[in-house]
Participant: 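Here you go, one structure.
Whatever order the structure lists ligands and atoms in, that order sets their numbers, starting from 1. These numbers come from the heavy atoms of this one structure, side chains and all, not from hydrogens, waters or symmetry mates.
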Amino acid sequence: MERYSEGTRCVQAGYRPGNGEPRQVPIIQSTTFKYDTSEAMGRLFDLEDSGYFYTRLQNPTNDMVAAKIASLEGGTAGMLTSSGQAANFFAMFNICECGGHIVASSSIYGGTFNLIAVTMAKMGIQATFVSPDCTEEELDAAFTRDTKLVFGESIANPALTVLDIEKFARAAHKHGVPLIVDNTFPTPVNLRPIEWGADIVTHSTTKYMDGHGAAVGGAIVDSGKFDWMAHADKFPGLCQPDDSYHGIIYAEKFGKEGAFITKATSQLMRDFGSIQSPQNAFILNLGLESLHVRMPRHVENGQAVAEFLAAHPKVECVHYSGLKGDPYYEIAQKYMPKGGCGVVSFELKGGRQAAEAFMKELKLAAIETHVADARTCCLNPATSTHRQMNDEQLKAAGVPAGLVRMSCGLEDKEDLIADLSQALDAIK
Ligand SMILES: *Cc1c(COP(=O)(O)O)cnc(C)c1O
């Protein structure tokens, strides 16, 4: 499939039925798989043969959908996980254990920030957070002898900052570690981080990839480019024998192309078991089939809404990297010439009261803790996700009380703008 363009791969990559086989990806709703001899099954347990034996480790439906996502991102191997949180945890924990250190962008999803700063810290993994806008020198200074990886989001949720992937990749590679990029918001339709130097890409497939608010899920894709063996002392998990598989060395046996995902599957999935259900993988695949058709519409609606809001007297400011004058406009043009995504954030004059009055009046945009859905939704962090904070704390956290995050869906933009307009009129 690799010779076909992106849109064709959205529709057909990952599953090519043979003569008389189902046209649609089959849902293999089976926990287990049958073998004729114990010896044949034993070879699977030794990682000597590849095949299916228990769905906690691998399932054919999941593998077909993961192969499509890997193809879209331009990677060599991929896997699905039960959620985006599991994808990011697995991607990091696969190479960073107790005693290790992570350099991460400070502008990332709250759940991922908590995962790194609190939960992984409890596992003995330290982290240094840097602004995505830091200089090369500041970034360089964040590394320690124990640093195992660099992490960032291509477009950050919810701050909508844009990551300078080349800058972060250069720093990571100079220190002999991979760059992991969470590419949830632009999706590979608008940005392929591997082409700019990222080594591993993660997704919350819950967002645009599913795109219909139907199934929570995650994915990890390996570029197959990072040379683990060249930095063998830093990555013993990949470069030294695994006693739980008779002493195989992943980086030797599976090479640069396969070591990372094979280890994440055979160790982390085995032990933590955050598998995506085959049903959800099937739903995810339905979303992927139209991803290349939907993303341009999300971008068109996001751009139109951002431009409307930027010109409105009741709006203090708008954050959208497609707007000329946005601090990330130039960098977004470089990495995402087709646009980024449909999520726009804006601050209303009049703070919390204005945001509450505005959101109450919206007819089409629903109040939800969600983004990247076919249906437009919005959220005021001050009265929902961040409601334990006072106005001063909100300001310090970069989420002022009047901030509204709006995820533009696939409706007609004229209707979305009319809805916003009447709700803005209702603010006294
Ligand atoms: C939503 C989100 C996550 C977490 O994904 P879940 O599927 O909700 O676990 C991680 N990263 C980003 C950028 C997200 O938007």
Side-chain angles (χ1 to χ4, degrees), residues 62 65-66 69 73 78-93 102 104-120 129 132 149 151-163 165 168 179-191 193 198 200-221 268 272-277 280-281 283-284 287-288 291 295 298 302 319 321 328 335-336 340-345 368-373 377-379 381 384-385 399 405-409:
N62 291 19
V65 179
I69 296 173
E73 286 289 6
M79 68 193 285
L80 300 187
T81 57
S82 54
S83 67
Q85 285 301 109
N88 280 327
F89 174 60
F90 276 24
M92 292 188 277
F93 196 66
I102 291 169
S105 164
S106 57
S107 184
I108 52 176
Y109 180 65
T112 313
F113 185 85
N114 205 69
L115 169 65
I116 296 172
V118 181
T119 301
M120 291 180 79
F129 291 94
L149 66 95
F151 181 89
E153 290 178 8
S154 47
I155 298 181
N157 179 10
L160 304 180
T161 56
V162 178
L163 192 74
I165 299 171
F168 275 72
L179 170 64
I180 302 178
V181 173
D182 181 331
N183 196 35
T184 296
F185 268 20
T187 82
V189 169
N190 286 336
L191 170 65
I200 290 143
V201 174
T202 58
H203 281 279
S204 165
T205 61
T206 315
K207 312 294 166 54
Y208 289 114
M209 283 191 167
D210 164 27
H212 298 79
V216 172
I220 308 173
V221 173
L268 302 186
F272 291 104
S274 307
I275 197 75
Q276 187 166 130
S277 85
N280 279 7
I283 292 168
L284 165 59
L288 290 169
L291 186 65
M295 285 312 291
H298 283 293
H319 306 284
S321 62
Y328 297 96
Y335 288 105
M336 296 170 276
C341 64
V343 184
V344 179
S345 72
E368 287 172 29
T369 313
H370 189 47
V371 286
D373 188 329
C377 61
C378 64
L379 185 81
S384 57
T385 51
V399 271
R405 181 185 69 187
M406 178 151 176
S407 171
C408 299

Participant: With Val371, which of Thr206, Val343, Thr184 fulfils side chain to side chain contact (heavy atoms under 4.5 Å, CB included)?
Facilitator: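 Exactly one candidate clears the test, Val343.
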Participant: Show the numbers, then the answer: is there a side-chain contact (heavy atoms from CB on, under 4.5 Å) between Glu368 and Asp373?
Facilitator: CA-CA 10 Å; Glu368 287 172 29; Asp373 188 329; 4.2 Å; yes
Participant: Give me the ring orientation class for Phe185 and Tyr208: parallel if the planes are under 30° apart, tilted from 30 to 60°, perpendicular past 60°.
Facilitator: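 Plane angle over 60°, so perpendicular.
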Participant: Listed by chain and number, what are the salt bridge (Lys or Arg N to Asp or Glu O under 4.0 Å) partners of Asp210, not counting sequence neighbours?
Facilitator: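 Per chain and number, Asp210 pairs via salt bridge (Lys or Arg N to Asp or Glu O under 4.0 Å) with no residue.
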Participant: For the atom pair CE (Met92) and CG (Leu268), what is the distance rounded to the nearest 0.5 Å?
Facilitator: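 So the gap between those two atoms works out to 12.0 Å.
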Participant: Check each N or O atom of ligand 1 against all protein N or O atoms and list the pairs under 3.5 Å, with atom names and distances to 0.1 Å, one per line.
Facilitator:
{"from": "ligand 1", "atom 1": "5 (O)", "to": "Ser204", "atom 2": "OG", "distance (Å)": "3.0"}
{"from": "ligand 1", "atom 1": "7 (O)", "to": "Gly84", "atom 2": "N", "distance (Å)": "2.9"}
{"from": "ligand 1", "atom 1": "7 (O)", "to": "Ser204", "atom 2": "OG", "distance (Å)": "2.8"}
{"from": "ligand 1", "atom 1": "7 (O)", "to": "Thr206", "atom 2": "OG1", "distance (Å)": "2.6"}
{"from": "ligand 1", "atom 1": "9 (O)", "to": "Gly84", "atom 2": "N", "distance (Å)": "3.1"}
{"from": "ligand 1", "atom 1": "9 (O)", "to": "Gln85", "atom 2": "N", "distance (Å)": "2.9"}
{"from": "ligand 1", "atom 1": "11 (N)", "to": "Asp182", "atom 2": "OD2", "distance (Å)": "2.7"}
{"from": "ligand 1", "atom 1": "15 (O)", "to": "Asn157", "atom 2": "ND2", "distance (Å)": "2.8"}
{"from": "ligand 1", "atom 1": "15 (O)", "to": "Lys207", "atom 2": "NZ", "distance (Å)": "2.6"}

Participant: Determine yes or no for a side-chain-to-main-chain donor-acceptor pair under 3.5 angstrom, with Glu153 supplying the side chain and Tyr109 the backbone.
Facilitator: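 Yes: the side chain of Glu153 pairs with the backbone of Tyr109.
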